[in-house]
Amino acid sequence: MTETILTTSRLIIRNWREEDRDLFHEINYDPDVMEFFPRRRNRQESDELFDYLRKLVADTGLGFYALEHTETGDTLGFCGIMRTSHEPAIPDGTVEIGWRLAKRHWGAGYVSEAATALLQHGFDNHGLKEIVAFTVPQNRRSRAVMERIGMTHHEDRDFDHPKVPATTPDFIRHVLYAISAPERR
């Protein structure tokens, strides 16, 4: 599998490189980036997820990809599409789109740019019928991105996340957004 998945006007969407490891940990430990997650990842947990995602992208072509700025070469964070399962709310094999950026790169439209390209990539190159995204209701920034890229909130599919511990009750309930291939064309 090639390292580069696709490019946009400002971004190279690619697999992870060893030199991205510190940035990956930074975004998974930053309290502002992880504000709507039940916990931050320590270095070991971050490294394990980094290694998993790098192998997943190499093996399947799907995963949360590194976002590199074409002009500066800086890695900004990630955006990607990957299979997920949160049975019974989200069936095994459902494809989700997700993202996370270093805070210093927020507000420049990078996630919307990458996510728009990745939705099209998922439908055109992977034959996907639907892509979903989900977050806690209070995460207005991510919900705004979901709406900007054409996703629709499906209230009837909102769910209690089965992997969120009861010790973090504010993060259990999730809203689900989705877009189908015909809606994207």
Side-chain angles (χ1 to χ4, degrees), residues 1-8 11-18 20-21 23-25 27-28 33-34 36-41 45-68 75-102 110-136 139 141-143 145-146 148-152 154 157-159 161-164 171 174-181 183-184:
M1 159 124 276
T2 179
E3 182 181 86
T4 297
I5 306 304
L6 59 110
T7 60
T8 68
L11 302 169
I12 298 168
I13 301 170
R14 60 166 173 79
N15 202 352
W16 296 94
R17 298 179 187 145
E18 191 58 35
D20 301 323
R21 192 176 290 273
L23 178 273
F24 190 79
H25 172 64
I27 62 178
N28 284 290
V33 175
M34 300 299 287
F36 298 109
F37 290 83
R39 65 182 181 80
R40 297 180 292 159
R41 286 187 166 82
E45 294 167 328
S46 185
D47 283 347
E48 288 169 1
L49 181 58
F50 179 91
D51 292 337
Y52 169 77
L53 289 173
R54 188 161 62 169
K55 183 174 181 350
L56 181 68
V57 170
D59 291 350
T60 70
L62 295 177
F64 292 144
Y65 316 110
L67 300 181
E68 178 183 321
T75 304
L76 312 175
F78 68 77
C79 185
I81 52 174
M82 64 185 281
R83 298 200 182 282
T84 190
S85 174
H86 297 301
E87 294 280 357
I90 298 179
D92 187 39
T94 299
V95 174
E96 75 165 300
I97 188 165
W99 48 80
R100 217 171 288 162
L101 289 184
Y110 296 126
V111 167
S112 295
E113 182 176 326
T116 297
L118 285 166
L119 288 175
Q120 201 64 51
H121 176 75
F123 294 132
D124 293 348
N125 297 83
H126 292 279
L128 302 176
K129 305 293 183 228
E130 179 185 66
I131 298 174
V132 303
F134 45 89
T135 189
V136 295
N139 188 347
R141 289 187 308 268
S142 282
R143 293 181 73 176
V145 171
M146 294 170 195
R148 269 195 302 278
I149 64 175
M151 301 185 94
T152 303
H154 291 258
R157 294 170 69 185
D158 290 353
F159 66 100
H161 200 300
K163 295 180 182 173
V164 174
F171 302 117
H174 277 61
V175 293
L176 186 136
Y177 285 71
I179 189 168
S180 66
E183 291 172 310
R184 194 72 199 140

Which atom pair, heavy atoms only, marks the closest approach of [X] to [Y]?
X	Y	answer
N15	A66	O-CB, 4.1 Å
S85	E87	OG-CG, 3.4 Å
A115	I149	CB-CD1, 3.8 Å
G63	V57	CA-CG2, 3.8 Å

Could you tell me whether the side chain of [Y] reaches within less than 4.5 Å of the side chain of [X], counting heavy atoms only?
X	Y	value
T7	T4	yes
L49	S46	no
I13	L67	yes
V95	V132	no
M82	L53	yes
E68	R17	yes
F159	V175	no

Q: Show your working on side-chain contact (heavy atoms from CB on, under 4.5 Å) between V33 and L101 and close with a plain yes or no.
A: CA-CA 7 Å; V33 175; L101 289 184; over 6 Å; no
From [X] [atom1] over to [Y] [atom2], what is the distance, rounded to the nearest 0.5 angstrom?
X	Y	atom1	atom2	result
I179	M146	CD1	CE	12.5 Å
L119	S180	CG	OG	11.0 Å
I97	I131	CD1	CD1	6.0 Å
L6	L118	CG	CG	5.5 Å
L76	I12	CG	CD1	10.5 Å
T84	D92	OG1	CG	8.5 Å

Q: Please test V136 against H174 for side-chain contact (heavy atoms from CB on, under 4.5 Å), starting from the C-alpha separation and ending with a verdict.
A: CA-CA 4 Å; V136 295; H174 277 61; 3.8 Å; yes
Check ion pair [X]-[Y] (N to O, under 4.0 angstrom):
X	Y	value
E130	R157	yes
E18	R54	yes
R41	D47	no

Give a yes or no answer on whether the side chain of [X] reaches the backbone of [Y] with a donor-acceptor pair at less than 3.5 Å.
X	Y	result
E113	T8	no
T60	L56	yes
D20	W16	no
D158	L176	yes

Q: May I ask you to decide if the ring planes of H126 and H121 are parallel, tilted or perpendicular, using 30° and 60° as cut-offs?
A: perpendicular
Q) Should the pair H86 and H161 be assigned to parallel (<30°), tilted (30 to 60°) or perpendicular (>60°) ring geometry? A) tilted
Q: Could you please spell out the steps behind the side-chain contact (heavy atoms from CB on, under 4.5 Å) verdict for F64 and W99?
A: CA-CA 7 Å; F64 292 144; W99 48 80; over 6 Å; no
Q.
Cation-pi check for F37 against R100: NZ or CZ below 6.0 Å from the six-membered ring centre and within 45 degrees of the axis, yes or no?
A. yes
**Q.** Partner residues of E45 under the salt bridge (Lys or Arg N to Asp or Glu O under 4.0 Å) criterion, sequence neighbours left out
**A.** R39
Q: May I ask you to check whether Y65 and R14 show a side-chain donor-acceptor distance below 3.5 Å?
A: no
Q: Go through the structure and list residues passing side-chain contact (heavy atoms from CB on, under 4.5 Å) with R141, not counting sequence neighbours.
A: E35, F36, W106, N139
(Q) Quick one, H154 with Y177, criterion side-chain contact (heavy atoms from CB on, under 4.5 Å). Give me CA distance, side-chain angles, the key distance, then yes/no. (A) CA-CA 6 Å; H154 291 258; Y177 285 71; 5.9 Å; no
